[in-house]
Amino acid sequence: MPRQYIHTAIDFPNAAPHMGHVMEKVLADVMARWFRLRGDEVRLHVGADENGIKIQQTAEALGMTPQELVDRNSPLFEELFRRLNISFDYFIRTSDPKRHWPTVVALWNRLKEGGFLEKRTYAGLYCTGCERFVTEKDLVDGLCPDHRQRPEVVKEENWFFLLSRKQDAMKKLLHPKTGTYTMVPSWRGNEVLSFLEGGLADVSFSRSKETLYWGVPVPNEPDQVMYVWCDNLTSYLSSLGFFTDHEMREWWDDAEITDVIGKDIARFHAINWPAMLQCAGVKTPERLLIHGFITSDGQKMSKTLGNVVVPSDVLDLYGVDPLRFYLSHEIPVGNDGDFSWKRFGELYDAKLRNQLGNLLNRVMVLLKKEEIPLAHTKHALRHEAALRWEDFQKAMNAFEFHLAIQAAFDLSQSGNVYIDVHKLWAKKGQEKAEELSALAELLRHISLMLLPFMPETAQKISKQLNVPYIHRMLEKNFVITDAMKEWGSQKEWKRVGEPEILFAPIEK
RNA sequence: CGCGGGGUGGAGCAGCCCGGUAGCUCGCGAGGCUCAUAACCUCGAGGUCGGAGGUUCAAAUCCUCCCCCCGCAACCA
């Protein structure tokens, strides 16, 4: 049985979670659920990136300690992900000195022993007002915008990771044809590849404690703290307890590894991370799934524009599955996407209510009115179902999730057309029983396809239909077997349950 | 300057890799149905597929150049 280790980027908890965080987790979860449903063994990890200067500063501005800040914010992420039914197995926090730090320290030592770390002088612009290093980009007319003073050039001793040595190895690893680390979608990978052509520079791996105190201490160097990319990326190992006595090594060494991350950090995950792993003698991941960014009504979400969409507002109004549906259906993997309340409402009505919900309801009511028992036959619709299963699986395995969910909705469209064309409400006796049973069977297939995307909805549909495996559907070891995909395979399925409105109209 | 993405009927998007009746959702018009969450179904109006060249029997789809929008541009998560 294939083993899959999927992890998302870990989130930066200096503020509350936003829609971009949600999209990434839903994407990873759809993937994880699909792998489980096809029979793979899966672990999904998420987490919070709690160290760094920004956390330090945000905390200071709020008059609290960094620990207090992350203890307040990280649970917001974890709670939101639970509410979204993200089926994660572990939530790693990088301020956790027991779980995270030992792995990071061990990795550091390996890199150092391998000769991949080197102490150098780092020269940077330092603003005494901010008490931190600033970049050219932060400056306005060469001055710090906050303190209106010219930053001074300050030099300090830092550790550097000799990434430049790994240029050829990374080219080989990421080669679209012969490399073992695949970037999905491939056009996102092109950006990384062209960057790689430009040559790699060594990267700063530590800062002086005066600059950065909130982070993992460098072993045996009390005045140095690890810099973000050393500590952050390693969370993917520490969440498995790597290099400790409780490591779950099989989930790395004997697993297919997928990183689910955003386009902004693709480079670090495609290059820095595997380079670090190779230097430390650890296997590199198999797949990098790169998603785009999400806008709000076509514009970048920003507080000044006042167009920030708070995920919990959407959940409060529409519930979990409509949001999962929107993100999966509207935004092809890799593309930038847009969140629009208008579009959301339209889609909710057109697809979820009118197409899917209404189909279920009309079939259920027709069956229930006369208490018609199910009579499974080889029906004309079974070809349609078989074709859509092919589309569905092909799309799912290629991570073209928006096409897969479309296959499920194509089936419900076919169901609605069939009822109309054949005027099923006017049929009588055995014929009516057989025709309506076919529609129920169609809905059973639809519900299975929806399982990775809208688990609760899939279960609700199946519950109304009263399919035999209903109680196992949401369990992690539930597998969609070939038999389940076969038309009329559920011989012991004789009666449907009670009709219920699947998606109610929403008052706006 | 460079790199990546985008420019398709009123709106939002898919199709482009593997050329061959331009598709989807919403909106609009007409008709049908009445089992259903005023839901469903059918038909229709509406596009010189950013511009100009080129390849081809044939280009939204391949090649070249140009214009416009967005992001990145190296340590910033």
Determine which bases of RNA chain B form Watson-Crick or G-U wobble pairs with both distances under 3.5 Å, and write the result as a 5' to 3' dot-bracket string with | for other-strand partners.
.(((((((.[[[[.)....(..]]]].(((((.......))))).....[[[[[..)....]]]]])))))).....
Evaluate A:Tyr227 against A:Trp159 for ring-ring contact (aromatic ring centres under 6.0 Å, His included), listing each step before the verdict.
CA-CA 9 Å; A:Tyr227 195 54; A:Trp159 286 96; over 10 Å; no
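B:rA74 and B:rG54: their C1' atoms are spaced 39 Å apart (whole Å). Taking the P atom of each, B:rC57 and B:rA14 are spaced 33 Å apart, rounded to whole Å. Rounded to whole Å, the C1' atom of B:rA59 lies 15 Å from the corresponding atom of B:rC17.
Ring pair A:Phe161/A:Phe205 is parallel by interplanar angle, where below 30° counts as parallel and above 60° as perpendicular. Ring planes of A:Phe77 and A:Phe81: perpendicular class, angle over 60° (limits at 30 and 60°). The aromatic rings of A:His445 and A:Trp389 lie perpendicular to each other, with more than 60° between the two planes, well past the 30° mark.
Separating the CD atom of A:Glu24 from the C1' atom of B:rA77 is a distance of 13 Å, rounded to the nearest angstrom. We find that CD of A:Glu400 is positioned 19 Å from P of B:rC24, with the value rounded to whole Å. In this entry the distance linking CG of A:Asp349 with P of B:rC26 reads 10 Å, nearest Å. The nearest whole Å value for the distance from the CG atom in A:Asn354 to the P atom in B:rC40 is 4 Å.
Residue-to-nucleotide contacts include a donor-acceptor pair under 3.5 Å from the side chain of A:Asn358 to the base of B:rA36.
Taking the six-membered ring wherever Trp is involved, the centroid distance between the rings of A:Tyr318 and A:Phe344 falls below 6.0 Å. Taking the six-membered ring for Trp, A:Tyr236 and A:His269 have ring centres closer than 6.0 Å.
A:Lys25 has a carboxylate O that lies under 4.0 Å from a charged side-chain N of A:Asp11, or vice versa, which qualifies the two as a salt bridge. Using a 4.0 Å cut-off between a side-chain N of Lys or Arg and a carboxylate O of Asp or Glu, A:Glu371 and A:Lys368 qualify as a salt bridge.
For A:His376, there are no side-chain hydrogen bond (donor to acceptor under 3.5 Å, both in side chains) partners at least two apart in sequence or on another chain. Residues that satisfy the salt bridge (Lys or Arg N to Asp or Glu O under 4.0 Å) test with A:Lys112, not counting sequence neighbours, are absent from this structure. Judged as a salt bridge (Lys or Arg N to Asp or Glu O under 4.0 Å), and not counting sequence neighbours, A:Glu390 has no contacts. Among residues two or more places apart in sequence or in another chain, the salt bridge (Lys or Arg N to Asp or Glu O under 4.0 Å) test is passed with A:Arg287 by A:Glu256. Remark: A:Phe401 pairs with no residue by the ring-ring contact (aromatic ring centres under 6.0 Å, His included) rule, at least two apart or across chains. Residues satisfying the salt bridge (Lys or Arg N to Asp or Glu O under 4.0 Å) test with A:Asp410, not counting sequence neighbours, are none. The ring-ring contact (aromatic ring centres under 6.0 Å, His included) check on A:His100 picks up nothing, with sequence neighbours excluded.
Taking 4.0 angstrom as the limit, A:Tyr227 places a side-chain polar atom (N or O) nearer than this to OP1 or OP2 of B:rA77. OP1 and OP2 of B:rU25 both lie 4.0 Å or more from every side-chain N or O belonging to A:Gln355.
Side-chain atoms of A:Leu347 lie closest to B:rU25 of the nucleotides B:rU25, B:rC40, B:rA77.
The salt bridge (charged side-chain N to carboxylate O under 4.0 Å, His left out) test with A:Asp202 singles out one residue from A:Arg120, A:Lys119, A:Arg165, and that residue is A:Arg120.
Scanning residues 361-376 of chain A for heavy-atom distances under 4.0 Å to RNA chain B yields A:Asn361, A:Arg362, A:Val365, A:Leu366, A:Lys369. A heavy atom closer than 4.0 Å to some atom of RNA chain B occurs in A:Arg267, A:Phe268, these being the qualifying members of residues 262-280 of chain A.
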Could you run down the sub-3.5 Å N/O contacts of the protein with nucleotides 9-15 of chain B?
residue	atom	partner	partner atom	Å
B:rA14	OP1	A:Asn335	ND2	3.0

With sugar-phosphate taken as primed atoms, P, OP1 and OP2 and all else as base, the protein-contact string of nucleotides 29-34 of chain B at under 4.0 Å (heavy atoms; B, S, -) is ---BSS
